Amino acid sequence: MNDPVKAGAPVLAIANLSVDARTPEGRKPVLQDISFALNAGETLCIAGESGSGKSVTSLSIMGLLPKASLQIASGSIRLGEQDLTRLSNKAMRHIRGGEIAMVFQEPMTSLNPVMTVGAQLTEAIREHQADGNAETIALRMLDAVQMTEPAKRLKQYPHELSGGMRQRVMIAMALSCRPKVLIADEPTTALDVTVQAQILKLMRELKHEFGTSIILITHDMGVVAEMADRVIIMQNGRIVEQGPSIEVFDHPRELYTRQLLAAVPRLGAHAGTDGPPRVTEIRKEPPKDRTPVLEVRDLSVTYRGSMNWLVKGKPPVATVSDVSFEILAGQTLGLVGESGSGKSTTGKAVLGLIPFSGAVSIDGRNIAGLSQREMQPVRRSAQMIFQDPYASLDPRMAVGKAVAEPLVIHNIGNKTERQDRVAELLRRVGLTPDAASRYPHEFSGGQRQRICIARALTLEPKLIVADESVAALDVSVRARVLDLLLELQETMGLAYLFISHDMAVIERMSHNVAVMRGGRIVESGTRRAIFEDPCEAYTQALMAAVPIPDPKAYRRVAG
C-alpha cells in the first residue's frame, strides 16, 4: 500500500513543462508552459483535438518520450517530493507501475501477443511487489475489474479476448500495484458505446475502491462530462482553459472550448424530423425511378470451422443470418450494433468482398456468384470507406496517385484528364490540389479520411459503404467529415450504408435505421420510429449508453 498523501498536497504537480521536437530545421515546441496539479482521489480530464499535446503530456509524466525526437526543454513534474524529470531510467522503472500506471488507447498493441494474460499480469506484480502470491493477486484483480471466469482468462492469450475484455486486463494490470496515479489515454475510443459505458463505470468504482487519482485523456466531451471533477482544455500544445467540469461546460470562456462542445453529437438533437439536416442549399432531385441502389435479401455469411488437419474441424459458424434491407438513391441506411453484431461483415458482403449466400443487387445487378472479373464493372457503382484512413492508404504512394488509381484500373481518361479529376476531387472534399504531391503521413487523421472519401468518389459511384468511417476521429473533425458526407449526398444523390456503433452519429446521418445483434437485424424502421419509439430493449440500451455532454446530468444520477 502506498503512503497516504498529505492533506491538501497534490499527488502530482506539473509546473511550466515545455517539450521540444527535434527536426531537420532545429527544435520546435510541442508543449509550451503546461502547469496543473492532480489532487488525491480526483479525476482530471485533459481534452482537445489530435495534435493538441494531450498524449505528449502523459508520456512526459511517464518518462516515455522518444528521446530521438522529443525532449523536455524546461519545467518540472513532481510526484510528492520527487522531480520525475531528474530521475534516471532505472529509478523511473520503479515509478512506472508502482507509483504511476498507464492504460493506453489500443490494448491489443499494448499486450504481448505471445504471452498469456496471467503471465503478463504476474510479471507486472512481481516487478513492483516483493511480498504476496502474484497469481493470487492477478486473479483478485481480474475479479475486481469484473472479468467473467477470471481463472480461465489467466490462461488465455490477448487475441482470444474481446476489445472490452482486453481493456479490462490493462486496467487490472495498471491497478495491480495500487498506484497513486492512473493515466488513461483515450481508453475507450476504440470501444463500442455500451462497452465504453461499462469501462467508465468500472474506472469510477475502482477509483473509490483503491483511492487512485486519475488523469483521463480524451477528445470526447461526453466522456469528460461523465467522468471529470476538473477539466483541462488543450490546443496546439498549450492549456487554453481549465476549471471545475460544471463551470467549463456551463460557462466556457474560450471559443475553442465552445467549438468542442458544439461538435458533440447529441442524441435527440434531430427529433421530429425524417432525415438528416441539410448542409447545403443545393439538393439533387431524387430520381423518378425509385429502384433501390442496393437491395439485400436473406443475406447470410458463414465461416468454415477449423482448417487444421491435425485438429478435428469445428462446425461452420454463421456470423450473419437472413439479413434483408434496401437503400434508395439519396438515402442513408444506418446499420448500428455492438462489435461482433455482424455490421462490418454485412458491409463487406454487400460489396462482394467476402463469400455470402442470398441475393445482393447493386444498381439493379445481382452480384451473387460473380467472379472478380465480372465484379469489376459493378465496383464502379459501389465503393467503401474504412474506419482507419491511414491503413487504407499506401504509405509509399503519393495522394494524387492513390486517388487516381481507380481511374487507372478501369482505364478511364489520359494522364492529364486524371490529374484534372484528382484536383477536382481534392477540392470537393476540402483539400487543395497541391495535396496530390504529398504522402499520407503528412496529413492529419481527418485530412486522410477526406482523401479516402475523394478516392471513393473517383468513379462517381451510386453507393458508398462507410464502415465506422468517423469512429477514430476527434469530435470536431468528425463533425466536419459528417457534414462533408451529407453535402456530397445532397449534391450527388449518393446512397449510403452507414455502419456505426454510435447511436448519436447514426441519428444525425440516417433516413432509415437497422439495429443488428448476433448477426441478425433485431429492429428496423425510419429514423424517427427507431429513435422516438424503439421497441427492442437492446436498442434502448444502445441509446442509453451514449455519453451526455452535461456533467450536471451525472451529478443528478449520482445524487
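Heavy atoms only: backbone and side chains are in, while hydrogens, waters and symmetry mates are out. Because the structure is predicted, anything quoted here is derived from the model rather than measured.
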- Message: I'd like to know if Glu424 and Arg427 make a salt bridge, using a cut-off of under 4.0 Å between side-chain N and carboxylate O.
- Response: no
- Query: Are Gln235 and Ser52 linked by a side-chain donor-acceptor pair shorter than 3.5 Å?
  - Reply: no
- Item | Glu442 side, atom CD; Arg448 side, atom CZ - distance, nearest 0.5 Å | 10.5 Å
- Message: Between Glu160 and Tyr157 (side chain of the first, backbone of the second, donor and acceptor by atom type, cut-off under 3.5 Å), is there such a pair?
- Response: yes
- Message: We want to know whether Ser361 and Asn366 form a side-chain donor-acceptor pair, criterion being a heavy-atom distance below 3.5 angstrom.
- Response: no
- Message: Rounded at 0.5 Å granularity, tell me how far CZ in Phe104 sits from CG in Leu64.
- Response: 6.0 Å
- Message: With a 4.5 Å cut-off on side-chain heavy atoms, are Val336 and Met516 touching?
- Response: no
- Query: Does a donor on one side chain and an acceptor on the other come within less than 3.5 Å for Glu468 and His501?
  - Reply: yes
- Message: With a 3.5 Å distance limit and no angle check, can you tell me whether Arg517 reaches the backbone of Glu338 through a side-chain donor-acceptor pair?
- Response: no
- Message: Side chains of Gln447 and Arg450 only: does a donor on one sit below 3.5 Å from an acceptor on the other?
- Response: no
- Given side chains that start at C-beta, do those of Met165 and Val169 come closer than 4.5 Å, heavy atoms only? no
- Message: Looking at Arg527 and Glu507, would you say the former's side chain and the latter's main chain have a donor-acceptor pair under 3.5 Å?
- Response: yes
- Query: What are the two closest heavy atoms between Ser381 and Ile362, and how far apart are they?
  - Reply: CB-CG2, 4.2 Å
- Message: I'd like to know if the side chain of Gln383 pairs up with that of Arg455 as donor and acceptor (distance under 3.5 Å, no hydrogens or angles considered).
- Response: no
- Show your working on side-chain contact (heavy atoms from CB on, under 4.5 Å) between Arg520 and Val320 and close with a plain yes or no. CA-CA 6 Å; Arg520 296 179 180 273; Val320 171; over 6 Å; no
- Query: Distance from Ser524 atom OG to Glu536 atom CD, nearest 0.5 Å?
  - Reply: 10.5 Å
- Interatomic distance, Asn236 atom CG to Glu49 atom CD [nearest 0.5 angstrom]: 8.5 Å
- Item | CA sep, side-chain torsions, deciding dist, call: Ile327, Thr332, side-chain contact (heavy atoms from CB on, under 4.5 Å) | CA-CA 7 Å; Ile327 310 176; Thr332 299; over 6 Å; no
- Got a salt bridge between Asp502 and Arg508, using NZ or NE/NH1/NH2 to carboxylate O under 4.0 Å? no
- Would you say Gln489's side chain and Leu494's backbone share a donor-acceptor pair under 3.5 angstrom? yes
- Does Thr539 use its side chain to pair, donor to acceptor, with the backbone of Cys535 at less than 3.5 Å? no
- Message: Measuring only between side-chain heavy atoms, which start at C-beta, is Ile499 closer than 4.5 Å to Lys343?
- Response: yes
- Query: If you measure from the Lys or Arg side-chain nitrogens to the Asp or Glu carboxylate oxygens, is any gap between Lys415 and Glu417 under 4.0 Å?
  - Reply: no
- Checking Glu523 side chain against Ala514 main chain: does a donor-acceptor pair fall under 3.5 Å? no
- Is the closest side-chain heavy-atom distance between Arg166 and Leu111 below 4.5 Å? yes
- Item | Any side-chain donor near an acceptor of the partner, Thr218 and Asp220, under 3.5 Å | no
- Query: Will you find, in the side chains of Asn512 and Thr526, an N or O donor that is under 3.5 Å from an N or O acceptor?
  - Reply: no
- Within a strict 4.5 Å, meaning less than it, do heavy atoms of the Leu482 and Val470 side chains meet? yes
- Lys54 side chain to Gly48 backbone, donor-acceptor under 3.5 Å: yes
- Note on the structure: CE (Met102) and CG (Leu59) are apart, to the nearest 0.5 Å, by 5.0 Å
- Quick one: do Tyr496 and Leu463 satisfy side-chain contact (heavy atoms from CB on, under 4.5 Å)? Show the steps, please. CA-CA 6 Å; Tyr496 291 139; Leu463 168 70; over 6 Å; no
- Message: Could you walk me through whether Leu457 and Met492 satisfy the side-chain contact (heavy atoms from CB on, under 4.5 Å) test, starting with their C-alpha distance in whole Å, then the side-chain angles of each, then the deciding distance to 0.1 Å, before giving a yes or no?
- Response: CA-CA 10 Å; Leu457 295 174; Met492 299 176 66; 4.0 Å; yes
- If we ignore angles and hydrogens, is there a donor and acceptor under 3.5 Å between the side chains of Thr148 and Arg153? yes
- Message: Is any side-chain heavy atom of Ile451 closer than 4.5 Å to one of Val429?
- Response: no
- Would you mind reporting whether Pro406 and Arg380 have side-chain heavy atoms less than 4.5 Å apart? no
- Does the Thr458 side chain pair with the main chain of Val403, one donor and one acceptor, at a distance under 3.5 Å? yes
- Closest non-hydrogen atom pair, Ser392 against Cys452: CB-SG, 3.9 Å
- Query: Do Arg379 and Met384 have side-chain heavy atoms sitting under 4.5 Å apart?
  - Reply: no
- Cut-off 3.5 Å, side chains only: do Gln449 and Ser469 have a donor facing an acceptor? no
- Query: Can Arg438 be said to sit on top of Phe443's aromatic six-ring, NZ or CZ under 6.0 Å from centre and within 45° of the ring axis?
  - Reply: yes
- Quick check: does any side chain N or O of Glu295 sit under 3.5 Å from a backbone N or O of Phe325, one acting as donor and the other as acceptor? no
- Item | Separation of Ile506 CD1 from Phe498 CZ (nearest 0.5 Å) | 6.0 Å
- Message: Tell me whether Ser300 contacts the main-chain N or O of Ser357 through its side chain, where contact means a donor paired with an acceptor under 3.5 Å.
- Response: no
